[in-house]
Every structure is written in C-alpha cells, then in structure tokens.
Protein chains: 2
Amino acid sequence: MSVQGTAGDLHGVVENRLRQADQRYTAGRRAIISLLVSAGHPVSIGDIADRLPGVPRSSAYRHLTDLEAAGIVRRVTANDEFTRFELAEDLTGHHHHLLCLSCGKVIDVTLPAAVEHDVTAAIGQLAGAESFQAHSHRLDILGLCADCR
Amino acid sequence: MSVQGTAGDLHGVVENRLRQADQRYTAGRRAIISLLVSAGHPVSIGDIADRLPGVPRSSAYRHLTDLEAAGIVRRVTANDEFTRFELAEDLTGHHHHLLCLSCGKVIDVTLPAAVEHDVTAAIGQLAGAESFQAHSHRLDILGLCADCR
DNA sequence: TTTGCATTGAGACCCAGTCTCAGACTATGT
DNA sequence: ACATAGTCTGAGACTGGGTCTCAATGCAAA
C-alpha cells in the first residue's frame, strides 16, 4: 500500500504530487522533505530551525502547510506539546506513535496486522453508528521513554 | 474499573483526590467539574468562558491544570485545534474519540471489549520492545461529523 | 483574632503559528 | 533574448491560546 523505494523515487513522487497541486518542488521544500526523510521520526518547527537555519520560520510553516495540502506530510500533535510533522502515511506506511510525556520524543511503531485489521473494522462500525465519515485514525501510546523512565 | 454512580459520589471522589493533593474543592473547581459532567463530552476553554462567565480565563486554566495533576481531568488535543478537557478515564470509563476535522466536535465512543483487549496486549508488546513505559493510550478517529460531511 | 497557607482575579506577558507584502525567481510565449 | 505573468520567498508585524505574577481574599486551626 505504501510507496517505498529509493530516495530518488520518493522525491519523484513528491514532485508529482506538488505538480498536481500546481506547485513547484523548490529548494526550500526539498530541504524540508530531505530533513523529514533523514530524521525518520516526526520533526518540530524548532528542529527545522536548528537543522535548516537558512529557512525562515514563516517559510517553513508555509512549506509544511503546502506539503500537507498536497498529501505529502502530516501533522502530529502530542498531548500539550507543539506540533510536529512527518511524511504522509502512504509514503512511509501506516504506523502509530509512542509519545514520551517527559521529553516529547516520538517513536514510530506498527501494530500487528491482525490487530490493525480488527481496529479498522471496529472503527468502521463505530463511525457508521454516529453517521461519522472516518478519514483516518491515530493510536498514540503515552508514557515514558527509556531515557526518562 | 471505572468509578461510577450518582453525581454526589463523583463529587466525593473529586474532593478526596484533591485532598490527597493538598488542595481544596472550592466553588470555582466545583463549577468546572459540574460543567464537565453535564456536558458529557470534552469542553474547550471557550465553552467554559461562555457557560461560566464568572470564572476568569487564568483561573480556569489553573483549575484545569490542578485537576489534571490530581488525576481528575484529562486534556484532549485535536489535530491543530485548541485544547479541550474531559473527566479522567477512571471516572467515566475508557473510551476513544471521533474528532471532526471541520467543526472540532468530539464524540465519545467505546471499542468492542475484544478489540480493546487485543490493542492493549499489542501495546504492551510494542512498548516493551522499545523499553517504553506505557501509561495510557488514545485512539482518535479523524473525519467529518454528520453535520459537516 | 491572629497566623499561615491555599485560592482567586486581573492583567501583563510569552510564543507558536498566521498573515501581509514587496521583491526574487521561474516558466512560458513572442 | 526579452517580456510577462504567476509562483515562491524572506522579513517582520500581528493574533490569540496559554502562562506567569502579584496583591487581595478566603479558610482552617489554635
């Protein structure tokens, strides 16, 4: 289901999606995508400011908003932390998060396929009962990471 | 597992928990708890300001922070919306949320017990593999409510 | 009633995130 | 090569949710 392969493939996919949204794959956007890929976990605006000092804050927000609208990145909101961003699920595969309540660290994890399947089926039923149109779901596990426990 | 019963029981439980945290169950806090109980769904600061005009914003935040620290209320963060608050799970029972991406509405739902059990077991395994100490989990279903779809 | 401590209201303050606008860049037509 | 139109970018002002401070008040125990 997910689009995986070399980094070159991924940049091509990103470029195509931006094209479909009438947008260009410029240096600033490429820098942010490369950062998200190399990080391998959700990244905050602060991380981006640290690692990409040449990209101003307003541009970073704009890029991320545009990339989100084009279905390339996704927002991750921890409990009361600031927003983080990661590559969209269809570029990386469906997964969930371990969120450390102490340091804010985010670790990606994947449920066993059978459990994920049951959850998805249950969500379909619950949503149907409320006439709710479900687009996606997120399962976040809150606790303390190995460093903070 | 959940502490349920009459409203009187609940206020007693709240009072005891505050006592254990060396805090009093004062009029402002009681007003907020009553609002959370009567609302029956997560409530935003804006809702509190509307329904409890006598409670200033700074006091409302302080009360909610204190109540959260005492394990009486819980924060619910929608995708990029502002924070909402609800009674802690052990006062209302474990449940999950349908979050409307358009209007921000939150609907409480409960997974079938068998699915919930499998999810909890899977979380235990995933957390263990990462040396992560899991305290709780949240499953949010994102989409459009009946009014917005 | 006094003393000590928790609680409260009012408002200044902070800062993540948004908005605006002028200038730079890029693609395409001539 | 030049012009033109439209997109993209940087800089900074602005917004508003959330926090912090501090003086005043309320409550409990002696």
Side-chain angles (χ1 to χ4, degrees), chain A residues 11 14-35 42-70 72-86 101 104 106, chain B residues 14-35 42-70 72-86 101 103-104 106:
Chain A
H11 283 295
V14 169
E15 184 160 17
N16 284 336
R17 291 203 187 165
L18 282 171
R19 280 254 171 75
Q20 286 173 11
D22 278 324
Q23 299 195 327
R24 300 180 196 140
Y25 194 25
T26 59
R29 293 173 184 179
R30 188 175 292 266
I32 286 179
I33 293 296
S34 296
L35 178 56
V43 157
S44 68
I45 285 288
D47 296 334
I48 292 174
D50 290 345
R51 309 262 309 261
L52 302 175
V55 177
R57 208 162 48 104
S58 59
S59 295
Y61 276 112
R62 182 172 33 212
H63 291 151
L64 290 163
T65 302
D66 293 343
L67 290 165
E68 187 185 21
I72 298 162
V73 307
R74 176 172 84 138
R75 278 168 211 264
V76 181
T77 308
N79 223 8
D80 51 351
E81 285 274 323
F82 31 82
T83 305
R84 287 160 192 262
F85 297 86
E86 66 179 2
L101 295 173
V106 181
Chain B
V14 169
E15 185 161 14
N16 284 336
R17 291 204 188 165
L18 282 171
R19 279 254 172 75
Q20 286 174 11
D22 277 324
Q23 299 194 324
R24 301 182 196 139
Y25 195 24
T26 58
R29 293 172 183 177
R30 188 175 291 266
I32 286 179
I33 294 295
S34 296
L35 177 57
V43 157
S44 68
I45 285 287
D47 296 334
I48 292 173
D50 290 346
R51 309 262 309 262
L52 302 175
V55 177
R57 207 162 51 103
S58 59
S59 295
Y61 276 112
R62 182 172 31 211
H63 290 152
L64 288 165
T65 302
D66 294 343
L67 290 166
E68 187 185 20
I72 297 161
V73 308
R74 176 172 82 140
R75 278 168 210 264
V76 182
T77 308
N79 224 7
D80 52 350
E81 284 274 321
F82 32 83
T83 305
R84 287 160 192 263
F85 296 86
E86 66 179 2
L101 295 173
C103 69
V106 181

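Given the structure is predicted, the values throughout are model-derived calculations rather than measurements. Just so it is clear: chains get the letters A, B, ... in the order the sequence lines come, proteins before strands, and each one is counted from 1.
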* Asked: Got more than 12 heavy atoms from elsewhere within 6.0 Å of CZ, A/Arg19?
  -> no

[X] [atom1] to [N] [atom2], straight-line distance once rounded to whole Å:
X: B/Arg30; N: D/dG26; atom1: CZ; atom2: C1'; result: 16 Å
X: B/Leu67; N: C/dT7; atom1: CG; atom2: C1'; result: 13 Å
X: B/Arg19; N: C/dC5; atom1: CZ; atom2: P; result: 19 Å
X: B/Glu15; N: C/dA6; atom1: CD; atom2: C1'; result: 15 Å
X: A/Tyr61; N: D/dT9; atom1: OH; atom2: C1'; result: 17 Å
X: B/Leu64; N: D/dT19; atom1: CG; atom2: C1'; result: 14 Å
X: B/Ile48; N: C/dG9; atom1: CD1; atom2: P; result: 13 Å
X: B/Arg24; N: D/dG26; atom1: CZ; atom2: P; result: 12 Å

* Asked: Nearest nucleotide by nearest heavy atom, which residue falls closer to the 5' end of DNA chain C, B/Asp22 or B/Val55?
  -> B/Asp22

* Asked: Considering heavy-atom distances to DNA chain C, does B/Tyr25 or A/Thr65 have its closest nucleotide positioned more toward the 5' end?
  -> B/Tyr25

Within less than 4.0 Å of OP1 or OP2 of [N], is there a side-chain N or O belonging to [X]?
X: B/Thr83; N: D/dG18; value: yes
X: B/Thr26; N: C/dA6; value: no
X: A/Ser59; N: D/dG10; value: yes
X: B/His63; N: C/dT7; value: no

* To do: Report yes or no: is there a donor-acceptor pair, N or O only, under 3.5 Å between the side chain of A/Arg57 and the base of D/dG12?
  => no

* So does A/Arg62 reach the base of C/dG17 with its side chain, donor to acceptor, closer than 3.5 Å? -> no

* Structure fact -> Only residue of B/His63, B/Glu86, B/Glu68 satisfying side chain to side chain contact (heavy atoms under 4.5 Å, CB included) with B/Val73 is B/Glu68

* Asked: Hey, does A/Leu67 have a side-chain heavy atom less than 4.5 Å from the side chain of A/Phe85?
  -> no

* Heavy-atom check, side chain of B/Leu64 versus side chain of B/Ile45, under 4.5 Å -> yes

* Main-chain N/O of A/Arg24 paired with A/Arg29 side-chain donor or acceptor, under 3.5 Å -> yes

* Determine the contact category for A/Arg29: base if any of its heavy atoms lies under 4.0 Å from a base atom, sugar-phosphate if only primed atoms, P, OP1 or OP2 are that close, otherwise nothing. => sugar-phosphate

* Side chain of A/Ser58: nearest nucleotide among C/dT18, C/dT7, C/dG11? -> C/dT18

